[in-house]
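Lettering follows sequence order; numbering is per chain, from 1.
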Amino acid sequence: MNLAEIINKLNDAQSQAVALDSVHNALVLAGAGSGKTKVLTHRIAYLVTQKNVHIDAILALTFTNKATNEMRERLSMLLKRPIGNMWVGTFHGLAHRLLRAHPAAANLTAQFQILDAQDQSRVIKRLMKENQIDEGQFPIKKMQWFINQQKDEGIRPADIDAGSNYFVKKSLEVFVLYEKYCNDNNLIDFAELLVRSYELLKNNPELLTHYQRRFEHILIDEFQDTNTMQYQWVKLLFNGENKMFCVGDDDQSIYSWRGAKIENIVKLETDFMPLKIIRLEQNYRSTGYILKASNALIAHNKNRMGKSLWSDSGDGELIDLYEARNEVDEADFVVSSIQKYIDNGVLANECGILYRSNAQSRAFEERLIKYNIPYTIYGGLRFFERAEIKDALAYLRLIENNSDRVAFERVVNFPTRGIGNATLEKIREFAQINQTHLFQAAINIAPTLPIRAANALTGFIQLIEQMQNATKNLDLPAKVAYLIEASGLVAHYANDKTSSKTENLEELIAAAKQYTHEDDNDMSKTMGFIALASLDSSGESNMLATKNVQLMTIHSAKGLEFSHVFLTGLEEGLFPSRQSQDEPHLIDEERRLCYVGMTRARQKLTLSFATKRFLHGQSIYAYPSRFLSELPKPHLNPIQQKYGVIQKNYQQNDTFNQSQAKGDLSIGRTVKHAKFGFGTILNFEGVGDSTRVQVKFKTAGTKWLISSYANLKFV
DNA sequence: TATGAGCGGATTTTT
DNA sequence: TCCGCTCATA
């Protein structure tokens with residue numbers, strides 16, 4: 001491939017980035033639809049074919065497996081060869097690879113296993129029960145959140161000073177128990193993959209030097225999504241000789257609640273000098289009005305790096321805006337519009353229905369069914385997260401490695417075989433005292449048990465041993481095929497005709513057949529497959545090509561595009577969500593989310609909101625989202641409600657935060673509550689006796705109150 | 001050990 | 001309202 005071939009189809013900014021000199025590190029601010037993946041892949045192709053950089057000297061990091069797969073595919077096409085075990089992967093995937101390559105130096109045995117979020121929760125739950133920590137007071141979710149948050153920041157229990165905060169104290173206690181459990185059982189959770197591989201390099205200078213020298217070029221996708229640990233991780237690999245090439249878009253940062261730090265983009269300027277900032281602002285995706293409206297929206301955010309998308313593809317159609325009476329009306333409008341598009345030749349899978357929260361999908365589903373339009377909903381359990389799949393994998397793990405505790409606990413009594421809690425406790429206790437693993441403990445303890453329990457347990461031990469023997473010489477797919485039968489899983493689900501569990505188990509064999517094992521040389525094929533199941537739980541090497549209308553949250557739509565997009569539920573309290581209402585920085589993130597949603601559309605964008613919505617078992621009245629009033633009116637095409645209700649001129653509510661009179665209630669007004677004291681009205685919704693008021697109290701925090709009960713006094 | 005009543009909680013979820 | 005989880009019961 002020659003230079004012209006690489007550069008030809010790029011615009012100025014893109015080719016400037018691709019052919020950047022060998023002196024600078026780069027921050028490429030790539031707006032939505034500006035050809036970010038193209039720049040990344042072409043940069044690599046440029047380095048390899050023009051600068052004679054060896055492909056092993058390149059480290060390319062993404063966040064999702066989807067992005068990784070796409071990049072690998074495009075790269076092998078550009079380079080016209082398979083890229084095999086080139087270091088192109090997700091942060092977690094490559095961290096995992098490092099640990100597999102050097103387990104001992106990372107204080108792990110070679111058989112260490114990944115603990116996914118579900119397993120993690122189960123472990124925490126057990127530990128809390130064993131140590132009499134009350135789940136009611138200290139919810140498992142919160143404990144799990146606490147632990148992961150610390151790890152994402154690279155914080156170990158020893159680094160935490162709980163002070164006098166009882167909740168932190170207890171959380172720390174759980175953290176300590178959890179960490180001990182993981183260390184004792186060779187378990188690595190997602191966050192730990194990063195921390196541990198970071199420590200591996202940090203504590204082994206010669207290893208670190210090796211990788212610093214090896215990776216002459218480090219490229220990172222979606223840089224705005226890096227968390228503290230990921231930033232530290234790449235910073236550690238940077239020695240000043242090698243070059244960083246970061247691509248990101250601060251306006252599309254929508255995961256700060258998961259620990260992503262937009263500030264990392266700013267830190268680049270000091271930590272990776274000399275840095276060249278390149279902006280990709282030409283958009284190849286959306287038509288003019290969509291782009292201008294999106295620009296206008298995001299301009300309301302403070303602290304941006306600054307960027308303005310433009311396009312030469314013309315204004316296109318105006319953005320439709322529909323005010324629905326309720327969520328059913330909204331769904332009917334959206335689905336009947338889709339029907340019209342389809343009738344006019346638009347492919348159903350080019351229509352995307354986007355919403356803020358999963359609960360909103362229901363109304364759309366019902367309408368789609370009514371109109372007989374096939375649809376696909378994204379979200380929910382993914383293939384490798386399904387119970388029956390995890391059960392099968394647990395058998396596979398146990399056969400592969402008897403000492404796998406998580407696997408043992410999962411299937412020792414599933415399908416049920418009469419091994420109860422009492423027996424299990426004895427096994428755990430024996431293992432603890434004798435410093436052995438559960439399977440060995442089971443073997444030792446079985447003869448000492450009462451006859452029924454002894455038989456049950458011996459049955460399980462023999463089952464595993466027999467499966468081990470039978471599968472010794474089988475390849476992976478045959479192994480899986482054998483074990484789903486022999487374990488009794490297939491039989492267990494056989495008479496369950498309502499679910500697709502049996503089909504899923506069959507599907508697991510297909511997944512095993514497809515698994516290529518090309519880039520995991522440090523593991524056996526079986527181990528590689530097991531790891532893949534944790535690291536890429538989607539179970540699809542590529543996004544399923546469907547002909548269906550696509551329904552998903554805006555978060556999951558990031559990175560996707562549709563010719564026709566419906567961005568729905570644009571109501572205060574829903575989008576932006578109620579939880580973000582008091583916090584300007586959270587509102588900014590909601591606004592970015594809205595920006596992401598809008599910029600998914602190529603040709604046609606339709607926005608909608610409902611004045612009344614049935615949510616959590618009650619009707620909620622809501623105002624149109626403030627984001628709507630931030631869009632330039634000339635770019636919008638308000639659509640008259642189908643049932644002839646007079647449309648309110650919501651655009652008059654230009655600044656939502658300003659006082660909106662409603663009887664005595666007005667936003668910003670000071671009130672006094674008998675118990676909570678003085679406060680300011682932040683918001684209110686509903687009418688008559690069901691009016692709810694949000695008040696920010698000076699001392700009692702922010703609360704929603706029913707105004708007819710709260711007896712607020714105006715001051 | 002399988003089922004159902006009763007409960008609390010209900011944004012978003014890359015790995 | 002609806003889902004997931006716990007606990008009591010047969």
**Study point:** Check: A/T376/A/Q550 side-chain N/O donor and acceptor closer than 3.5 Å
**Key:** no
Using atom [atom1] of [X] as one end and atom [atom2] of [N] as the other, report the distance to the nearest whole Å.
{"X": "A/Q252", "N": "B/dT12", "atom1": "CD", "atom2": "P", "value": "20 Å"}
{"X": "A/I620", "N": "B/dA10", "atom1": "CD1", "atom2": "P", "value": "15 Å"}
{"X": "A/R362", "N": "C/dC3", "atom1": "CZ", "atom2": "C1'", "value": "10 Å"}
{"X": "A/F223", "N": "B/dT14", "atom1": "CZ", "atom2": "C1'", "value": "16 Å"}
{"X": "A/E590", "N": "B/dT12", "atom1": "CD", "atom2": "P", "value": "11 Å"}
{"X": "A/D134", "N": "C/dT6", "atom1": "CG", "atom2": "P", "value": "13 Å"}
{"X": "A/R578", "N": "B/dT11", "atom1": "CZ", "atom2": "P", "value": "9 Å"}
{"X": "A/I124", "N": "C/dC5", "atom1": "CD1", "atom2": "P", "value": "15 Å"}

Practice item. Could you please spell out the steps behind the ring-ring contact (aromatic ring centres under 6.0 Å, His included) verdict for A/Y231 and A/W233? Key: CA-CA 5 Å; A/Y231 187 83; A/W233 203 86; over 10 Å; no
Looking at every strand, decide which applies to [X] at a 4.0 Å heavy-atom threshold: base, sugar-phosphate, or nothing.
{"X": "A/F614", "answer": "sugar-phosphate"}
{"X": "A/N413", "answer": "sugar-phosphate"}
{"X": "A/S357", "answer": "sugar-phosphate"}
{"X": "A/G418", "answer": "sugar-phosphate"}
{"X": "A/R382", "answer": "base"}

Point to revise | Sole residue of A/R126, A/R122, A/R397 in salt bridge (Lys or Arg N to Asp or Glu O under 4.0 Å) with A/E409 | key: A/R126
Any idea which of [options] is nearest the [X] side chain?
{"X": "A/K125", "options": "C/dC5, B/dT15, B/dT12", "result": "C/dC5"}
{"X": "A/H616", "options": "B/dT12, B/dA10, B/dT15", "result": "B/dA10"}
{"X": "A/R258", "options": "B/dA2, B/dT15, B/dA10", "result": "B/dT15"}
{"X": "A/R356", "options": "B/dA2, B/dT12, B/dT14", "result": "B/dT12"}
{"X": "A/T553", "options": "B/dT12, C/dC5, B/dT15", "result": "B/dT12"}

OP1, OP2 of [N] versus side-chain N and O of [X]: anything below 4.0 Å?
{"X": "A/N358", "N": "C/dC3", "answer": "no"}
{"X": "A/S580", "N": "B/dT11", "answer": "no"}
{"X": "A/N65", "N": "B/dT14", "answer": "no"}

Practice item. Please report the C-alpha distance between A/R600 and A/E561 in whole Å, then the side-chain angles of each, then the deciding distance to 0.1 Å, and finally whether the salt bridge (charged side-chain N to carboxylate O under 4.0 Å, His left out) criterion is met. Key: CA-CA 4 Å; A/R600 297 311 93 196; A/E561 58 176 54; over 6 Å; no
Exercise for review: Name the residue closer to the 5' end of DNA chain B, choosing between A/Y255 and A/I419 according to the nucleotide with the nearest heavy atom.
Suggested key: A/I419
Separation of the [atom1] atoms in [N] and [M], to the nearest angstrom:
{"N": "B/dT14", "M": "C/dC3", "atom1": "C1'", "result": "25 Å"}
{"N": "B/dT11", "M": "C/dT6", "atom1": "C1'", "result": "25 Å"}
{"N": "B/dT12", "M": "C/dC5", "atom1": "P", "result": "16 Å"}

Review point. Would you say the ring centroid of A/F627 lies under 6.0 angstrom from that of A/F609?
Key: no
Review point. Parallel, tilted or perpendicular: which fits the ring planes of A/F91 and A/F63, with parallel below 30° and perpendicular above 60°?
Key: tilted
Practice item. Specify whether A/Y515 and A/F529 have parallel, tilted or perpendicular ring planes, treating 30° as the upper limit for parallel and 60° as the lower limit for perpendicular. Key: tilted
Practice item. Compare the aromatic ring of A/W257 with the six-membered base ring of B/dT12 and state whether they stack according to the 5.5 Å and 30° rule. Key: yes
Check your understanding: Below 3.5 Å, does any donor atom in the side chain of A/R417 face an acceptor in the base of B/dT1, or the other way round?
Key -> no
